[in-house]
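Here the structure comes first, spelled out in structure tokens, and everything after it is commentary.
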Amino acid sequence: MDSCVIPLRHGGLSLVQTTDFFYPLVEDPYMMGRIACANVLSDLYAMGITECDNMLMLLSVSQKMNEKERDQVMPLMMKGFRDAAEEAGTSVTGGQTVINPWIIVGGVASVVCQPNDFIMPDSAVPGDVLVLTKPLGTQVAVNAHQWLDIPEKWNKIKLVISREEVEQAYQEAMLNMATLNRTAAALMHKFNAHAATDITGFGIIGHARNLAQQQKNNVAFVIHNLPIISKMAAISKAGGNLFGLLQGTSSETSGGLLICLPREQAARFCAEMKSSRVGLSGAVGQNGGAGDGQQAWIIGIVEKGNRCARIIDKPRIIEVPYRGSVVSAQEGSHNNASPPEVQLT
């Protein structure tokens, strides 16, 4: 599971706890701190838990940094982590800092729960639909941004995307990664979610397979639609199936929740996600703030099967526009209107 659930000796309570850390993948230290915190908390949110009692921060300072770099970078990273924790309604009370060849940032999230506070990820049934709450393509967006300064890499993709679009996609990816999955966790209870996981390092198909294997019923997950940050699918194709994005194997960082919902509840879940008031407190405000809501997409179905997951041969690619771009809101609004009506292949 995404988090461990430890029954306590007292009164039917459980300790739910998770830890995660990784290396920096964006240039902005403050945003990196926010992303790291959101990534840790996602493991709680994937179980429908909306509150966190305590967080610890894990921080590794690179021995390759000089004193000036350390004094500038590390406080910003710590502030980003703390600000995201505060937005989540929790606080960082301690942790551990070490010297290491590489910068590492992460943490531990803990909460004491009653049984109805969390949703075990094992009750999907045939007829459910699969909902995803953040677009895919963060790995491609981050790498494309790095390639702006690497001519041999940039030359492979410059015919399908402009430098301005790469910058927009990178900002969009940062904003998505730094956004908490807390709203989705709360709506999982309201709309009777049967199971969920968060999409991170194993890509959407890896995490879908892992979730399918945990189900009590004999089910299979079939993915028909792939919501992807605009132009990232084109970059993947131009790069020769870069990172396996269209096959679902491309890594995501602090990705969305993949949720199994009753078919009759899914469209309302997506609509309520869109109307929710969410945003980054003081972070990348030019790209969106409180009141923007979060898009969610119905991407597949749950059918009878042998606890496996697959993407159909020709999935529909949903191009998710950059927020603040000239693309009208209506252009993407039909994507979350109803479950996919597609013949299985």
Side-chain angles (χ1 to χ4, degrees), residues 1-6 14-22 35-53 55 84-85 87-90 106-113 115-124 128-136 138 176-216 219 221 223 227 248 251-261 265-266 269-270 273 276 278 294 296-297 299-300 302 309:
M1 295 192 300
D2 291 301
S3 302
C4 61
V5 180
I6 307 164
S14 295
L15 172 66
V16 183
Q17 196 168 54
T18 183
T19 184
D20 205 349
F21 64 86
F22 47 69
I35 291 166
C37 185
N39 188 65
V40 174
L41 287 166
S42 260
D43 288 336
L44 296 184
Y45 298 146
M47 298 188 69
I49 295 170
T50 59
E51 304 298 329
C52 176
D53 289 332
M55 293 196 77
E87 184 180 307
T90 188
V108 180
S110 306
V111 61
V112 175
C113 289
N116 60 354
D117 290 334
F118 57 89
I119 298 170
M120 293 297 287
D122 59 5
S123 300
D128 282 351
V129 297
L130 304 173
V131 170
L132 183 66
T133 66
K134 289 183 185 179
L136 307 171
T138 55
N176 285 329
M177 290 187 287
T179 298
L180 302 178
N181 283 318
R182 194 180 187 191
T183 300
L187 294 179
M188 283 171 61
H189 292 271
K190 181 173 182 178
F191 294 104
N192 193 29
H194 292 152
T197 189
D198 63 327
I199 306 303
T200 51
F202 296 112
I204 189 166
I205 194 62
H207 289 284
R209 285 170 177 160
N210 183 57
L211 187 63
Q213 289 167 4
Q214 297 177 46
Q215 300 311 302
K216 292 184 289 189
V219 296
F221 298 164
I223 296 172
S251 295
E252 304 293 331
T253 299
S254 189
L257 300 188
L258 177 65
I259 307 171
C260 302
L261 285 166
Q265 302 277 32
F269 175 97
C270 293
M273 281 287 292
S276 64
V278 297
Q294 287 177 263
W297 301 265
I299 65 164
V302 179

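Not measured: the values here are computed from a predicted model. Computed from heavy atoms alone, side chains included, the values below leave out hydrogens, waters and symmetry copies.
- A donor-acceptor pair is defined here as one N or O able to donate and one able to accept, closer than 3.5 Å; such a pair exists between the side chain of Arg182 and the backbone of Ala88.
- The NE2 atom of His189 lies 6.0 Å from the OG1 atom of Thr50; values are rounded to the nearest 0.5 Å.
- Side-chain atoms of Ile35 and Thr253, non-hydrogen and from C-beta on, do get closer than 4.5 Å to each other.
- Residue Asn210 holds its CG atom at 10.0 Å from CZ of Phe221, rounded to the nearest 0.5 Å.
- Contact check for Ile259 versus Phe269: side-chain heavy atoms found under the 4.5 Å cut-off.
- Within the 4.5 Å cutoff, the side chain of Ile299 has heavy atoms near those of the Ile204 side chain.
- With values rounded to the nearest 0.5 angstrom, Leu44 atom CG is found 8.0 Å from Ser110 atom OG.
- Closest heavy-atom contact between Val16 and Ser3: CG1-CB, 3.6 Å.
- Here the closest non-hydrogen pair linking Ala196 and Leu211 is O-CD1, 3.6 Å.
- In this structure a side-chain-to-backbone donor-acceptor pair under 3.5 Å is present from Asp53 to Val112.
- Panel note: side chain Ser14, backbone Val5; no donor-acceptor pair is recorded below 3.5 Å.
- Side-chain N/O atoms of Thr18 and Asp43 include a donor and acceptor closer than 3.5 Å.
- In this structure, the separation between CG on Leu132 and SG on Cys270 is 9.5 Å, given to the nearest 0.5 Å.
- In this structure, the side chains of Leu180 and Leu41 come closer than 4.5 Å at one or more pairs of heavy atoms.
- Rounding to the nearest 0.5 Å gives a distance of 10.0 Å between CG of Leu258 and CG of Asp198.
- His194 places no side-chain N or O within donor-acceptor distance of the main-chain N or O of Asp122, the cut-off being under 3.5 Å.
- Heavy atoms from other residues, nucleotides or ligands lying under 6.0 Å from CZ of Phe22 number more than 12.
- Formation of a donor-acceptor pair under 3.5 Å by the Gln215 side chain with backbone atoms of Ala124 is found in this model.
- Between Thr200 and Glu252, every side-chain heavy-atom pair lies at or beyond the 4.5 Å cut-off.
- For the pair Pro121/Asp2, no side-chain contact is recorded, criterion being any heavy-atom separation below 4.5 Å from C-beta on.
- Nearest heavy atom pair, residue Met55 against residue Ala85, reads SD-CB, 3.9 Å.
- With Lys134 contributing its side chain and Asn176 its backbone, the two residues share a donor-acceptor pair below 3.5 Å.
- For the residue pair Asn39 and Ser254, the shortest heavy atom distance occurs at OD1-N, 3.2 Å.
- Considering all non-hydrogen atoms of both residues, Leu257 and Ala184 come closest at CD1-CB, 3.8 Å.
- The shortest heavy-atom contact between Ala193 and Ile119 is O-CG2, 3.7 Å.
- Taking the side chain as every heavy atom from C-beta outward, Val302 and Val129 never approach each other to under 4.5 Å.
- Between the CG atom of Leu261 and the CE atom of Met188 there is a distance of 8.0 Å, given to the nearest 0.5 Å.
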